[in-house]
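Notes follow the structure.
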Amino acid sequence: MIKGIKGVKDLLPEESPRWRLIEEAARRWAGRYGFHEIRIPIFEVTTLFARSIGASTDIVEKEMYTFQDRDGTSLTLRPEGTAGTVRAYIEHNRAAIPVPQKYFYFGPMFRHERPQAGRLRQFHQFGVESLGMADPQADIEVIALLWRILSDLDLPGLTLEINNLGYTADRDIYRPHLVSYLKQHESGLCANCRHRVDANPLRVLDCKVPDCRAITETAPRLSDSLSETARSYFTRVLSGLDVVKIPYSLNHRLVRGLDYYNLTTFEVTAANLGAQNAVGAGGRYDGLVETLGGPSTPAVGFAIGLERMSMLLPESAIINAQKDMPLYVAGFGDHGTVAGLMALEELRLAGFHAVADFRSLTLKAHLRQADRLKCRFTLIIGDDEVVKGSAILRDMETKVQHDVGLSSITLRILSLLAGS
RNA sequence: GUGGGUGUAGCUCAGCUGGUUAGAGCGCCGGAUUGUGGAUCCGGAGGUCGCGGGUUCGAAACCCGUCAUCCACCCCA
């Protein structure tokens with residue numbers, strides 16, 4: 001048997017209603033906040049991701065699905081959505097448009113990781129990018145949108161954490177302080193962090209090992225090295241969140257894994273989601289557009305993991321969103337089958353949700369299928385009904401049956417249904 | 001990439017320190033009801049015990065390998 005690829009999942013019809021619910025909520029809120037959908041390719045030239053995400057990040061170092069095109073150019077399946085969105089923004093000269101460019105997107109992302117609860121090789125994100133505005137209100141707007149979508153879906157146990165990464169220059173000033181502190185306590189750090197001290201010291205702050213946490217608890221804080229402008233920017237973001245009543249908690253350890261972030265970074269985590277507890281995350285990335293060859297353009301954005309949202313979505317939310325019950329057409333016998341086919345098509349053309357199981361040859365079998373398909377009404381057409389020129393409409397709950405003339409099926413059914 | 005758990009019927013699982021024909025519940029099909037579903041009763045179908053080696057008189061069980069899957073590390077959405 002040919003099986004699906006490791007870490008890549010099929011979404012079966014039973015599950016798609018919950019996904020649609022999530023997607024509809026995201027779309028609805030994004031629209032209200034003035035974001036427009038952008039659809040970009042799922043693969044790009046490899047250097048786009050290497051340059052934007054950061055060459056020494058785990059994503060680029062070991063998680064990308066990279067392959068050669070026929071002419072030898074290196075392509076990769078997108079591991080996230082920001083890089084491609086920014087590439088499109090630059091390529092189509094969207095900076096020249098005199099209104100802010102605010103995009104949202106849906107789609108699959110690819111990362112070659114070991115699958116785990118809440119982590120797949122092909123997973124799906126909804127993301128937004130707000131390009132062109134260097135105002136704290138843009139950060140607030142994006143964070144508010146994120147929070148609104150999640151709240152709308154009633155996802156339980158969420159917390160929004162936020163931090164200020166400052167400008168690149170701020171981190172350049174801070175990094176030596178942190179490194180020299182960490183070097184003093186190097187023996188107490190985990191093996192991973194000892195490596196990180198040289199490679200990416202800020203990530204040590206993020207380590208979950210208790211000993212490392214104890215050490216970093218008393219480490220110099222990035223917030224003490226921040227410039228005045230970075231501080232006041234962040235203060236305005238926080239007070240704006242208060243104004244629009246978005247609850248948050250400060251987390252000075254929050255260091256995002258992608259290199260392009262600066263100033264505001266945030267993350268929404270969920271209890272009861274296993275080890276992979278980040279539902280959504282984002283931040284400001286003022287330097288990225290320029291890094292990729294575009295005009296200097298401030299930007300903020302976030303992405304949320306649809307699988308993780310789906311895991312959190314309560315079952316009751318889906319039940320409430322169930323569609324109306326279909327109508328079953330039971331045509332059997334030589335002539336009844338033909339008349340049933342006609343009726344089925346007629347009902348569908350009239351706008352009914354009408355179904356039938358063509359394997360069923362007896363009335364008993366048809367009714368059983370009608371029951372399984374959760375049909376409220378069954379239209380019974382056997383050879384006898386064809387002779388009489390009228391079918392039987394059976395209410396599956398009350399068992400009440402009505403004769404309906406074959407020549408005026410849809411009108412009769414409409415009026416019967418209106419009365420029930 | 002590194003650990004650990006689990007692979008037995010369509011699904012969820014039982015199967016003792018190795019013992020002869022591998023079980024249950026649910027589901028499925030049929031009948032009781034020759035044209036009336038769900039409930040009940042009766043009957044039936046369905047299994048390379050993940051795969052490949054090995055140990056043994058004998059392996060679903062023990063050993064080795066392998067694959068798949070889940071969880072965790074790591075990392076992140």
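In what follows, every heavy atom counts, from backbone to side chain, and hydrogens, waters and symmetry copies are set aside. All chains are named by letter (A, B, ...) in the order of the sequence lines, taking the proteins before the strands, and each is independently numbered beginning at 1.
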Would you say A:Trp19 and A:Ser310 make side-chain contact, with heavy atoms under 4.5 Å?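 A side-chain contact exists here, since the closest heavy-atom pair is under 4.5 Å.
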Quick one: are A:Leu292 and A:Leu48 in side-chain contact, heavy atoms under 4.5 Å?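 In short, these two side chains touch, coming nearer than 4.5 Å.
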Of the options [options], whose atoms approach the side-chain atoms of [X] most closely?
X: A:Ala281; options: B:rU69, B:rA77, B:rU33; answer: B:rA77
X: A:Asp371; options: B:rG30, B:rG38, B:rC73; answer: B:rG38
X: A:Leu363; options: B:rG37, B:rA72, B:rG35; answer: B:rG35
X: A:Arg203; options: B:rG37, B:rA77, B:rC76; answer: B:rC76
X: A:Ala278; options: B:rC70, B:rA77, B:rG30; answer: B:rA77
X: A:Gln116; options: B:rC74, B:rG35, B:rC76; answer: B:rC74

Closest approach of A:Leu205 and A:Val255, non-hydrogen atoms and distance?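 What the structure gives for the nearest pair is CD1-CG2, 4.2 Å.
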What heavy-atom pair brings A:Phe302 and A:Tyr105 nearest, and what distance separates the two atoms?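 Heavy-atom minimum between the residues: O-OH, 4.5 Å.
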Which part of the nucleic acid does [X] contact within heavy-atom distance under 4.0 Å: base, sugar-phosphate only, or nothing?
X: A:Gln401; answer: base
X: A:Phe126; answer: nothing
X: A:Ile5; answer: nothing

Considering heavy-atom distances to RNA chain B, does A:Arg394 or A:Leu120 have its closest nucleotide positioned more toward the 5' end?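 Result of the comparison: A:Arg394.
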Toward the 5' end of RNA chain B, by each residue's nearest nucleotide, A:Glu307 or A:Lys62: A:Lys62
N/O donor-acceptor pair, side chain A:Arg372 with base B:rG37, under 3.5 angstrom: no
Classify the side chain of A:Lys399 and the base of B:rG38 as holding, or not holding, a donor-acceptor pair under 3.5 Å.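 Answer yes: a donor N or O sits under 3.5 Å from an acceptor.
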Please state the [atom1] separation for the pair [N] and [M] - nearest whole angstrom.
N: B:rU40; M: B:rG27; atom1: P; result: 8 Å
N: B:rG44; M: B:rC49; atom1: P; result: 24 Å
N: B:rU33; M: B:rC42; atom1: P; result: 16 Å
N: B:rG30; M: B:rG37; atom1: P; result: 13 Å

Give me the distances for all protein-to-nucleotides 1-5 of chain B N/O pairs that come in under 3.5 Å?
from	atom 1	to	atom 2	distance (Å)
B:rU2	O4	A:Arg114	NH1	2.5

Between A:Arg368 and B:rG35, does any side-chain N or O lie under 4.0 Å from OP1 or OP2?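 For B:rG35, neither OP1 nor OP2 has a side-chain N or O of A:Arg368 closer than 4.0 Å.
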Do the side-chain N or O atoms of A:Lys364 get closer than 4.0 angstrom to the phosphate oxygens (OP1, OP2) of B:rG37? yes
Do A:Tyr248 and A:Asp242 pair up side chain to side chain, a donor and an acceptor below 3.5 Å, judged on atom types alone? yes
Side chain to side chain donor-acceptor pair (under 3.5 Å) contacts touching residues 328-342 of chain A (sequence neighbours left out): none
Using 30° and 60° as the class limits, which term best fits the ring planes of A:Tyr65 and A:His112: parallel, tilted or perpendicular? tilted
Using 30° and 60° as the class boundaries, would you call the ring planes of A:Phe106 and A:Phe126 parallel, tilted or perpendicular? tilted
For RNA chain B, what is the dot-bracket line, given that a base pair needs Watson-Crick (N1 to N3, plus N6-O4 or O6-N4) or G-U wobble (N1-O2 and O6-N3) geometry with both distances under 3.5 Å, and | means paired with another strand? (((((((..((((.....[...)))).(((((.......))))).....(((((..]....))))))))))))....
If you take the centroid of each ring, where Trp contributes its six-membered ring, are A:His177 and A:Tyr181 closer together than 6.0 Å? no
Are A:Arg253 and A:Glu217 ion-paired here, with the side-chain N under 4.0 Å from a carboxylate O? yes
